[in-house]
Every structure is written in C-alpha cells, then in structure tokens.
Undergrad: 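Submitted below is the structure of interest, expressed as structure tokens.
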Amino acid sequence: MFKKILIANRGEIAVRILRTCREMGIATVAVYSDADRQALHALEADEAVPIGPAEPSQSYLSIDRIVAAVRQTGAQAVHPGYGFLAENAEFAARCEREGIVFIGPPAEVIRSLGDKITARQIMQKSGVPIIPGMLEAAHDPAAWAAGAEAIGFPLLIKASAGGGGKGMRIVHAPADLAEACRAASREAAAAFGDGTVYLEKFLPKSRHVEIQILADHKGHTIHLFERECSIQRRHQKIIEETPSPALSPALRAAMGRAAVAAARAAGYVNAGTVEFILDPEGRFYFLEVNTRLQVEHPITEMITGLDLVRHQIEIAAGRPLALTQDDVCSRGHAIECRIYAEDPQQNFMPSPGRIAFFQEPTGPGIRNDCGVYAGFEVPVEYDPILSKLVVHAETRELAIRRMLRALKSYAVLGVKTPIDFLLDVLASAPFQAGETYTDFIASHFADWGPDRQTLELAAIAYVADAMAPKAQPGGRPEQAARPGPWQTLKHWRL
Amino acid sequence: MFKKILIANRGEIAVRILRTCREMGIATVAVYSDADRQALHALEADEAVPIGPAEPSQSYLSIDRIVAAVRQTGAQAVHPGYGFLAENAEFAARCEREGIVFIGPPAEVIRSLGDKITARQIMQKSGVPIIPGMLEAAHDPAAWAAGAEAIGFPLLIKASAGGGGKGMRIVHAPADLAEACRAASREAAAAFGDGTVYLEKFLPKSRHVEIQILADHKGHTIHLFERECSIQRRHQKIIEETPSPALSPALRAAMGRAAVAAARAAGYVNAGTVEFILDPEGRFYFLEVNTRLQVEHPITEMITGLDLVRHQIEIAAGRPLALTQDDVCSRGHAIECRIYAEDPQQNFMPSPGRIAFFQEPTGPGIRNDCGVYAGFEVPVEYDPILSKLVVHAETRELAIRRMLRALKSYAVLGVKTPIDFLLDVLASAPFQAGETYTDFIASHFADWGPDRQTLELAAIAYVADAMAPKAQPGGRPEQAARPGPWQTLKHWRL
Amino acid sequence: MDYKLKHNEEVIALAVETAGDGLLSATVGDKKMEVAFARISENRLRLVVDGRQILAFVAETSDGKAVMVDGRTFLLADERTTGTRPRSGAASGPKLVTPPMPAVVTQILVAQGQTVEKGQGLLVVSAMKMDTILTAPFAGVIARINVAEGQKVAPKQVLVDIEPAAANEEVHG
Amino acid sequence: MDYKLKHNEEVIALAVETAGDGLLSATVGDKKMEVAFARISENRLRLVVDGRQILAFVAETSDGKAVMVDGRTFLLADERTTGTRPRSGAASGPKLVTPPMPAVVTQILVAQGQTVEKGQGLLVVSAMKMDTILTAPFAGVIARINVAEGQKVAPKQVLVDIEPAAANEEVHG
C-alpha cells in the first residue's frame, strides 16, 4: 500500500479523501493556492504545499506544479478528487510517465470517454442504449440539417468535448438550427479549445439517473446501484438520492448491467459513474461516463456501507476487488443536499465571503462532508460548494424527514446558502411524490421566495439580540455570570 | 401517533430522543433542573419545563414533578431515556394509572425483572441458562454457607434489587463469607431500601455480551444481535462494539434465541436488552434484563440501519412491529466510546466544570451523540457522560482505525476526558486481537499514563499560543487581517 | 420602541415593548407576539415565542446581522443605522455597471471612447466558476474603465463609467 | 527564552529561540525541534514541527491552559505565573481534608470535638453519581467542620480542621 498520497484538490472533497487516507495509515499531502492558506484541507493534512496564486490555471490546474509538489514530498500516488485535473487525460498520462500512481482510470480511458462522440461510439458498439442522434461530428449547416432531419425536433446541440452545460443548446425549430450550432461551437471552442458539436434528441420530461461502478485491474467490474440526480439548477445537481424513486428492481438490474457493460467496453479501471437519461416510459439512454469520484458518492456509501475512496486507493495500488456483485446490497434510503455559497433568491448567484458563524447538523444518520469552518473566507475563485449534507434512514419518507430536521439545524451565517430553498423543495408535494425530473426547479420553484413567517421570527430574534446582554471579554455571556456556587467558590478560603 | 412527547431525562440521551421525535413530527417537551437551565436538551426541545432543584431526587427523580410537567404541557407519552426513572416500576405504574403512555415495558414487567432473584426464576423456568447459584434469597449465615457449599468458591454476592456494582462482593474463601454477606446487605439496604442478597458462581475470565430485543404488544419479539460490552472501569462500560469478536454465527443465533425466549418469558414489550455473561468456553449465562433503551444502543442502530427510538415510540403507540427476524441483518462493525467528564489518570474520578472549547469529530461513518457544547458548565450532580462517539465501518479493523482517527480529532478542553486513554486502549494489541474480557483495564491498563511525546508537542503548542498574535475584538485573528483585496475594497469608491 | 428592519428591498416594522427582564412583546403588522429571550452564547439566543421555544443564531456581517431561525437565514439591517440600502444586485439599480457579487474581471469587451448600445456587453466577471456578462444600462460613450482584467471587484463598485448618449443625466454611483 | 511548564507534578523545561515571524526552535531535554506556527482562530493553532503539520487546540481554563494535540489533552501552566501548583487531588497532599474534585457533601460522619483515628471516615462527598469517603489524614480531634450536608465544595477547600493528636503541627491549608 502507498505510504503517502498527495491530494490534488481542495475543499470538502480534499478533506474527505484525507480522512480515508488517515484511516488507512497513509500520510497525506495537501496542496493549496494563495487563497487557500487557511483552507480546511490545507490545515488537516500531514503536510501542506503551496502551489501558486489563487487563479486555478496557475495552481490547482497546473500539472507542472502538482507534479513538482509530488516530487518534493515523495508522495507515491495522487488523488485528483473531482473537478480540476480529475478528468484531465494529459495529467493522468504525465503521472503514468513519471511513475506516479494516478488514482483513477488510465489516461487513455479518460481520453476516449472524455470525447462524447467517441464515448457514444464505444457504447453503441457494445450494445449500451444511447440517446438517438449523431455518431459523428458535424461541421457545417448541411450536415447539421441532415442530422436534425433524422432526429427530429426538439433537439439538443452538445459539445463533444463538453461538460457543465457549456456549448449546449436546445433547438425547437429548423430555422434556429444553424445559428444555434454556430453559437454552441464558438462557446465550446472558447471553453474547451475544441468547437466540435453534435446533435441528439432532446428528451424534455426525463430523469438523470447514474450508476456507480467499481472495476479492478483484472477487469472485475461491479456496480453499486444508482443515484437519482434530476434536481438541478443551472445544469448543476443540487439534490441527489438513492434508490431512485423511479426504478423498479428489474429496471435497476438492467441499468446496472448496462453500466457494467459500458465500463467493460471502455476498459474502465477504478471508480466511475455511468450517467443515463431515463424517460417517463422507463427507457434509459447512455449519457456519459464520469471518470472520477462523483460529488454525490456519499449517498452510495450510505446505502452500501462501503468507503468508495478506500476502494479507489486499493484498486490503484493494484489490489483485486474483493467484492462480488452479490456481496453488495442496498440498505435504506440516502439523500444528499449540496450546500453552496449562493443566493437562491437571485438565480443561485455565487455568494463568496467570510463565514461569521457555522454550526453543522448532527445526529443519527447524518453526515456532513464539509470544507469550511467559522472564520474562513470562502474564496471567489473556486466552486461554491461549502459542504454536502447527507442523511440515511430506513425509508425515503424517513430520509426526507431526517434531511428536513438536519437542514433546520444547519447554521451558516455570513454567506448565502440554499438551505431554506432546499427545505421548501424537500417539503414539497412533488418531491415527496418522487416526481423528480430535470425540469423540477423550473416547473415548481421558479418564483421561490423566503418564508414570511420565519422572517418575522428572525426580526424578533434581531431585536432580542440587540437587547440581550453581550458577552464579556472572557467569552462567557453575562447571563451565566449570575453568582452561582462555582463563582462564589473562588472567594473561599484556599 | 402521539402529538407530543415529554422526555423525562437530560443530556445526550434526551437530545438523541428529541431528534427522532422531531423527525416523526412529534412535538417535544424537555424538563430541566436548576443546574440544567442552559443544557442542550433544554435548549433544543419545542418546550422546556423547569422541574426543580439540581438534586436529582427533587427534579429528574421526582415522579410528581414529571407527571405535573406532562399535565401542564399536554404531552401524551413520556420517554424515560436511561437512568433516572427509566427502570422505576412505580413511575411506569403511575403513568399507566394516569393515562400517560410510558415508552417502555409495562410496570409489572419492570418490577419482576428489576428483582434479580425473580428474574433468575423466570429465566430458569423457561430454559434460559442462568449463572449457577441461588434461586432464593438468603438472610442468615447458615443459608449463605449452604448456598456457598453448593456453588463453590470464588463466588459473587449480589443484591437482588441491585445494579451498578452496589451490594456486590467477590468472596474467595468460606471464612470471609458471612461478614461479606452482611456488608453487602447493609450496602444494598442503604442504596435500594432492600438488603436482600444472594450468591452466584464468580466467573473470573468472562465477557459481557448483551442482546438487543424488540417486542410489540402482540408478543411478536425479535432480536437485533449482540453488543460486546466487556471493557469497563468501575463496573461501568466505556467501550462497546458489535459484532462481538467472540461470537460465532451459531453462538450468535443461540444467544439471540435465548434472549427472545427470555423476553417472551417475562412478557416483555418495547425495546430491551438481555445481558449475558459469556465464558471463554463459549457458554453463556443470563445476567439481567435492562428494561429500557441502553446507553450503547447506537452501535446496534449502525449495524442494523434501524432507529431504535422510533421503534420504541411506534410500539408504545400500539403499532405492531413490522420487522420479522429475517428482515434484520447486520452490516459492518460498529464501536462506541463513552466520553465521560473524568480523569483516567486518577482512577476515572469525575471532572465537572466548564467546557472552554469543544470540537466534535466528523466524517464518513462517525456519529457523536452529544449533550454538551462549548461554554456549557457540566454539572456536578449528574452522570458524567458528555457524549458517545460511535463509528461504523466495513470491518472491525477498519472500525478501530476510524475510531482512532475520530478520537484524535475530538477536542474537549476545560474538563478532563478519557479520550487519550481510549486512544491507547484502541491501539493496544489485546484490544485489536479481540481479547476483550471484563478484567481488560485492570489487566492491561492499570498503570496507564499520558503519552510523553505528545506532551512535548503540547508544550510547544503552549509556547506558540503565547507568541501568536491574539484575536482582535471582532473575533478575527490579526493574521487574517493582513490587507487583502477584500479589506482594501472597503475604502473604495462606493 | 419601534424597529424598522430592512430585508432586501423590504422594511419590516416591529413595535416592541419590553415587559421586564428578558421579556418583550412585538407587534408585526396586526400580529402581536409575546416573547421571552435569553442569550446562550455570543451567536445563539433562546426565544420562546407564544409558548414555542426557538433557537436563533445571529452574527454580524458587513451588511447587517445574519439571523437564522429554523434553518432559514435572513440578512437584516436596522434602517436607522444604515445610510445605504443593504447590498443586493437588484438594489444597485440598473443604472450602474457593477458586479452582482464579489468577482474577478476576466474580460473587458470595450475600450474608452467607444460608443455602446443599451444592453451591449461591456465586461465579463467570474465568481466561483460562474461567468456573468455586465451590459450597458443605457446607450452612450465609455467615459472611463475603472478596472483591469484579473482584478477583484465587489458589488456597488462602478467598473465602467458611461457618458449617456441622450439627455440622460450622467450616472456614477 | 526559557519556559518552565507544569504538568501535574512535573515541570517541562523548554529552551525556545525565535527564528523570525512565526518560526521558533524549541529544545526539550536533548531534543531540538524546528517549529513554524500560525494562529487559525482563537483556540486553534497550526504547527509544523520538523516537517509534520499538527493542529493544536488551546483554551484558557481556571487552572492553566488546556492544550490538545492528536487527541491528547494536557493541562499546562507557566511556572512563573502560577503561585500555587496546578490543582490536583494528589497535589493537595495527604494532610488536608479536601475533595479531589468539585462535589456535593452528602454525609458528615463525625462531630466537632470528636477524637478520630488516622484513616477514619469523616464525610462523604458525591460528584456525578460517584461517592467518595474523605478520611482523616492523621489522628486527632475534630476542631471544626467547615461545611454542611448538601453543600457544594471544590478541591483545595478544607472541609474539616483537625487538631493533631501528637506533636504534629496543625494543618489548615
């Protein structure tokens, strides 16, 4: 097993990875940019190496600086987390060349699955259902028109190198096609350095369901069930759960088999996620493979009782996967809410700043994967995720109730968060009925506003705070200072 | 289902119960003594009722005051937690008479199982193995001598009304018997108002293994596997785990069956625990039934995925138990460490006082059932338990490693705790080998002292703390105040 | 005593009467509430409002007090002590070229002296991986660009001054 | 600069040299350690000791600073600033009748003027459900009982004064 691992990431995921390393007896190296000198991941590691300015391209995205930090500390392996260099084939290849173990799939697998058209070709060849649409890039209006003709409207333009909604357009009518394709291509070129786009059928009322897989170097591949991730804002997930309320046991088994087939077809090794679109008729279509640890992996850990990061590390160290498909079973229901620094009242605009007060929810079945603390200045340069609040309970209904309780006791003061928005989503009838489609927020919460009645209570709390005696220098509120026996004791004869 | 429940307890267990109530949509009433005005359980409930002075007999043990608080708030049921009135048959009977639901077994069951001789008779009649010894009370030297003759030495004198080690004596030779019986009887009379003692065989190298059971009003009874609770100081458990390293699947099944038989024989309803002594040859003997929620119930919740408090409340509300024995399965390994306010260097002497700083461990598979917070003054009047740190992982080895990591990140400053002692116990070879017998601490940790090397690091931290600039009034350390762009911004043109 | 508390664009008026140590009654609109209150720690208060106990969390921030009740957090400021409105993208009005949140300028799309149309993109700011294009609130000529690419900026800060094309008054801030 | 820090009955001597802002070298016994340090918050410090990063937690208590490193907490006091020894049951010595921890007096077993043997039980104190019998440290006559049943008491507080039977000096505290 590795003696030392460098975690090429920041925030909650870096903290989460280093905890598993510590439990495995592996020394940890954190890297941090100038903006992250006081970041939790940099504080909690055994060593912390500065890697440059706040700007991601000069620190967390700089392959040279990460590799130099590995060399400097003598780490044997790198865990990339998610985001940053996690799906960067060039980084994985560089590690391979330099004899550093990259905790993830081989560079070549990242490369082929990172290109969406190539990934679609691989899946189609191995019989995994794909969304009806093009299997080749198209670069001119004639090719776009021909593709559109075959697919029908509405359709979706996608960037082959894409991700995160960039270079994506929905087109409802032929007249808009050419201009939309050109715009999408420009956007993709700017974002990914590759303007290649292709066309797919648009499935308006659909769900986003993904399957977690684990594969070792010997080709032994299993799945760890699904995650339902349909509830999104700005094309980013905000609530995930497992099991999906939409899957029957038969459909779950079929999707699991398809995911394993997809992983095998791609020569996949390590933990990965096969994303599918599920239509209301129960038909599912391959969307893409995320060749890394997924943000929402904790809900899978909750229902399976497995530590995915530990399995990633063991696979990367060359160990065979000791689990068989039959060993894995799902228990209970888990939900994750992503707690971003953002303002749900202003279209989820980011809200960086200093966290003035912070209190995490606690209790049975609650886990909060967190990267911040009271007093920390949440930097403007990075992803706004503060923590992932995860609950586990016996049933979906109980998990929802547990999440509601947890959210109600989660105090984050100083930056805005969607906690109150999430409370209303979780309490809503469509969510409780499991009607979780990708248009959920647009359909049900487009004009969300904060709760009036609680606002009045908050106003009263404001007044009470102004009236209640403040703390003395020692930090002890005056109230507690009314003379009790323990105060009195100090004046007694010693 | 109940609309409102009063929790007749304090500290971590009251907090834990009210969280489940909240998740069930049940309003909560806390009661608190004068010493507990600022206690967490009193703060977190929907209503909090003062019930009298700090002295337990005038508050938490006062049946009249608890019943008055129920009447005042309109609660329909009372959850007694553990300790205080939890196993008080008179309190349960009073509730029954007044039409208040007592969340626990019927008063009559508490009464008969609370008398150890009666409990032994019940068990023997229904074929549950009991420790060789007397089945009748003995009140004079002749009866004691006759009993001892039949049992052999060493033997144990026990108080029939007893608990917590009071009225208990080990006797190694006939010459000491009469005087020891008289002393034990006096002690029992003083503690329980009943001086009845009896004799049992003393099993020196043994384990304490208990089985959790659940029974509904229709007599449907299941068990939720065992808890190994052998590691004790001053006859009080300090580390518990499940599964027990000593149980084979066959032995587990046999003990589970015995526990269910014991519960049925006693007419048991609600959650309870059947305690057994397990000898090194794998023979087990009935010890007693705890007719309440057990302190260490969380480890059972971790491996079964069930919320025991919710099941208690549902059973008390008259619902049939929906689970069958086959529905319940055990996953992974769970360990609990009790974090007491006590000094492991001074024979675990209590250490009440003000908590100056408090930071709980977090992360996957970690749960901390906690009743205190930074700034809270831990009262001298009550049980010294601050929290119960619980971990869950795939295997025993991984659970131990997880617990070590959790303990290392648990900061409790201001009162003494056994955290560093627990670290050394968990890291020790005999613990890791599963050699957990009731004499564990006496055998391996009698002359424990704190770690030298860490003491030196702490001394360096002391010096660094004296040198590092202190916080400004605003609470922000000076360090963070070096002018960054966000500070500078304030002076810009608005 | 009366309080006027600003929340976003709204003012909440409370009529508050103290009723002894740690007791008050508050009237909001036509609703009167009896409140007992006590401080638990610097940032925590215990309230009993019409019999229901509530834990409230309060912290000072640069824009007022953040107050959390039942998982819902509100930014409140006493109108008497705030000269300006609480910061808010919407509150800054459509007449200023200012970022809606703390951000970094990633691209400047215009030059000094250039004529711009209403709605034309002027610069791109980025915060937490989200890009926002700031557009011209009215037609005119770019009088001054106050920032450079790579620079950190904050709400209310005027990034570009525009000389209005027509009879509009000039708008700075 | 030299520090002498008391931990229980022991004194830890550190020779400390500062080596620039946030840097020091400390010698304990014959071991020299290079240390970088920075404050994270009021109670948290980041240390790098010979290359290994450590989070330390520090809080003032009535008996000195409580310092936690790697899950192990130590109560340390600067010998120069402490007139008396840090409180400890053992430190109070065997000559005083004083409780080992904050406690409540539950029973008084002797009366003023009564002659007691060395080791005879004088009173019972209770803390957190644990009873402790305080015994006579030497033979003598009970000169004064300073407490009543039900009263809260603390370490170092003398609960009973005993007039020694023999040539012993009288001991108060």
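Below, chains carry the letters A, B, ... as their sequence lines are ordered, and counting in each starts from 1.
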Undergrad: Considering only heavy atoms, which portion of A:F376 lies under 4.5 Å from any heavy atom of chain D: side chain, backbone, both, or neither?
TA: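 Neither the backbone nor the side chain of A:F376 comes within 4.5 Å of chain D.
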Undergrad: Take atom CD of D:E17 as the centre, draw a 6.0 Å sphere, and report whether it contains more than 12 heavy atoms from other residues, nucleotides or ligands.
TA: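 12 or below, so no.
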Undergrad: Counting neighbours of CD on D:E117 that are heavy atoms of other residues, nucleotides or ligands and sit closer than 6.0 Å, is the number greater than 12?
TA: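 Counting neighbours around CD of D:E117, 12 or fewer heavy atoms of other residues, nucleotides or ligands fall under 6.0 Å, so no.
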Undergrad: Rounded to the nearest 0.5 Å, what separation is found between the CD atom of A:E44 and the CG atom of D:L55?
TA: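 It is 6.5 Å, given to the nearest 0.5 Å.
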Undergrad: Does a sphere of radius 6.0 Å around CG in D:L109 hold more than 12 heavy atoms from other residues, nucleotides or ligands, not counting ones at 6.0 Å or beyond?
TA: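 Enclosed.
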Undergrad: Just to be sure I understand the criterion: a residue of residues 46-54 of chain D counts if one of its heavy atoms is under 4.5 Å from a heavy atom of chain A. Which ones qualify?
TA: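 Expected list: D:R46, D:G51, D:R52, D:Q53.
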